[in-house]
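These notes concern the structure reproduced below.
Side-chain atoms are counted along with the backbone in the values below, which use heavy atoms only and exclude waters and symmetry mates.
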Amino acid sequence: ASTTKLTNQNVILAVTFNKNAVEKEYSFDGKTYYKCSGTVSVAANGTVYFRSKAANGRYSEVAAYTVNNIDKTAPQLEIAERTLAENGRSVTVTIVSDERVVIKEGGFAGEELDGRYFFTRTLTANGTYSFSFIDMTGIVSEISVQITEIVTEELSAEYSLSPNGASAVS
């Protein structure tokens, strides 16, 4: 995987040491070192430390490389709001993601506000709706919402005057 482009895969670092190095080592914490064969697989963001040892037993200065482009976490989604229209014929649903995503079907991006991404959809029939989102590294998350409050029957009102002049609505 790339060392700069966002990825959900391990990043492989190709390491070149001084030609006089008799021991080549790497570390993920700067304390515990492991032999280095020329590549290091990095599974999570962080700093990797490198050092070598010369024939005279002296260690080189420690070199460090920071990996910060790995994202293996699925986007967290939530239904932030659902609003029934005044006429009861539709529900507007707002879905929020904790990271930049697009709707998988159609590729629509949400509106960003304070590091959260908002998607609004208006639904016109009762039922269960599923929405799939994909983040910038290809990880998919889904969320479903069940709509039951939409008015489906025809509504009517009748107005009449009774013989005594009173009005009635039914």
Side-chain angles (χ1 to χ4, degrees), residues 1-83 90-125 127-147:
S2 169
T3 56
T4 56
K5 183 180 172 187
L6 278 176
T7 182
N8 61 14
Q9 303 295 313
N10 290 2
V11 171
I12 307 298
L13 301 179
V15 186
T16 304
F17 290 92
N18 182 299
K19 65 179 179 178
N20 296 324
V22 294
E23 288 183 24
K24 304 165 188 173
E25 300 175 324
Y26 71 95
S27 172
F28 292 113
D29 63 6
K31 298 174 185 170
T32 305
Y33 280 85
Y34 307 93
K35 288 186 180 186
C36 183
S37 63
T39 60
V40 175
S41 179
V42 182
N45 291 329
T47 302
V48 184
Y49 304 91
F50 302 93
R51 70 180 184 186
S52 61
K53 186 176 179 182
N56 66 7
R58 296 186 70 198
Y59 281 97
S60 66
E61 288 187 29
V62 173
Y65 183 83
T66 300
V67 174
N68 60 9
N69 62 313
I70 299 172
D71 176 5
K72 295 183 179 183
T73 304
Q76 299 299 303
L77 305 171
E78 67 177 286
I79 304 295
E81 185 177 331
R82 57 191 288 161
T83 306
S90 65
V91 173
T92 300
V93 176
T94 301
I95 302 166
V96 180
S97 173
D98 67 336
E99 64 178 282
R100 187 173 176 219
V101 293
V102 295
I103 294 179
K104 193 173 177 188
E105 298 81 14
F108 300 106
E111 293 184 30
E112 191 269 336
L113 178 64
D114 296 328
R116 295 173 45 155
Y117 294 82
F118 294 79
F119 299 81
T120 302
R121 293 292 176 261
T122 300
L123 308 172
T124 57
T128 300
Y129 294 85
S130 294
F131 301 95
S132 295
F133 293 84
I134 187 167
D135 74 4
M136 300 302 106
T137 65
I139 299 173
V140 176
S141 286
E142 285 193 5
I143 192 166
S144 294
V145 60
Q146 185 171 13
I147 304 298

* Looking only at atom types and distance, does a side-chain atom of Asn68 sit under 3.5 Å from a main-chain N or O of Asn45, one as donor and one as acceptor? -> no

* Examine the side chains of Thr66 and Thr47 and answer whether a donor and an acceptor come within less than 3.5 Å of each other. => yes

* Asked: Which is it for Val67 and Leu13 under the side-chain contact (heavy atoms from CB on, under 4.5 Å) test, yes or no, and what are the steps along the way?
  -> CA-CA 9 Å; Val67 174; Leu13 301 179; 4.3 Å; yes

* Asked: Which pair of non-hydrogen atoms, one from Ser41 and one from Phe28, has the smallest distance, and what is that distance?
  -> O-CZ, 3.8 Å

* Could you walk me through whether Ile95 and Ile79 pass the side-chain contact (heavy atoms from CB on, under 4.5 Å) check? -> CA-CA 5 Å; Ile95 302 166; Ile79 304 295; 3.8 Å; yes

* Kindly compute the distance separating CZ (Phe17) from OG (Ser60), expressed to the nearest 0.5 Å. => 8.0 Å

* Asked: Would you say Thr122 and Val91 make side-chain contact, with heavy atoms under 4.5 Å?
  -> no

* Structure fact -> The side chain to side chain donor-acceptor pair (under 3.5 Å) partners of Arg121 (sequence neighbours excluded) come to none

* **Where Gln146 and Thr128 come nearest, the two heavy atoms and their spacing** => CG-OG1, 3.8 Å

* Structure fact -> Sorted by chain and residue number, the side chain to side chain contact (heavy atoms under 4.5 Å, CB included) partners of Ser37 (sequence neighbours excluded) come out as Thr39

* Asked: For the residue pair Ala109 and Phe119, what are the closest heavy atoms and their distance?
  -> C-CE2, 3.4 Å

* Asked: Ser27 side chain to Thr32 main-chain N or O, any donor-acceptor pair under 3.5 Å?
  -> yes

* Can any side-chain N or O of Gln76 pair as donor or acceptor with the backbone N or O of Ala74 at less than 3.5 Å? -> yes

* Test item: Ile147 and Arg82 side chains (from C-beta on) under 4.5 Å apart, heavy atoms -> yes

* Just jot down the salt bridge (Lys or Arg N to Asp or Glu O under 4.0 Å) partners of Glu23, sequence neighbours excluded, or say none. => Lys53

* Name all residues meeting the side chain to side chain donor-acceptor pair (under 3.5 Å) criterion together with Ser144; count only those two or more places apart in sequence or in a different chain, and write none if there are none. => Ser130

* Within 6.0 angstrom of Lys72 NZ, more than 12 heavy atoms from elsewhere -> yes

* Write down the atom of Glu112, the atom of Gly115, and the distance for their closest heavy-atom approach. => OE2-N, 2.6 Å

* Heavy atoms only: give me the nearest Tyr117-Arg100 pair and the separation to one decimal. => CE1-N, 3.3 Å

Show me the donor-acceptor pairs within less than 3.5 Å that the side chains of residues 131-141 make with the rest of the protein, sequence neighbours left out.
unit_1: Ser132; atom_1: OG; unit_2: Glu142; atom_2: OE2; d: 3.0
unit_1: Asp135; atom_1: OD1; unit_2: Thr137; atom_2: N; d: 2.9
unit_1: Asp135; atom_1: OD1; unit_2: Thr137; atom_2: OG1; d: 3.0
unit_1: Asp135; atom_1: OD1; unit_2: Gly138; atom_2: N; d: 3.0
unit_1: Asp135; atom_1: OD1; unit_2: Ile139; atom_2: N; d: 2.9
unit_1: Thr137; atom_1: OG1; unit_2: Asp71; atom_2: O; d: 3.3
unit_1: Ser141; atom_1: OG; unit_2: Pro75; atom_2: O; d: 2.7

* **Pairs satisfying ring pair (Phe, Tyr, Trp, His ring centres under 6.0 Å), at least one member in residues 29-50, at least two apart** => Tyr26-Tyr34

* Between Ala80 and Val96, which heavy-atom pair has the shortest distance, and what is it? -> CB-CG2, 3.3 Å

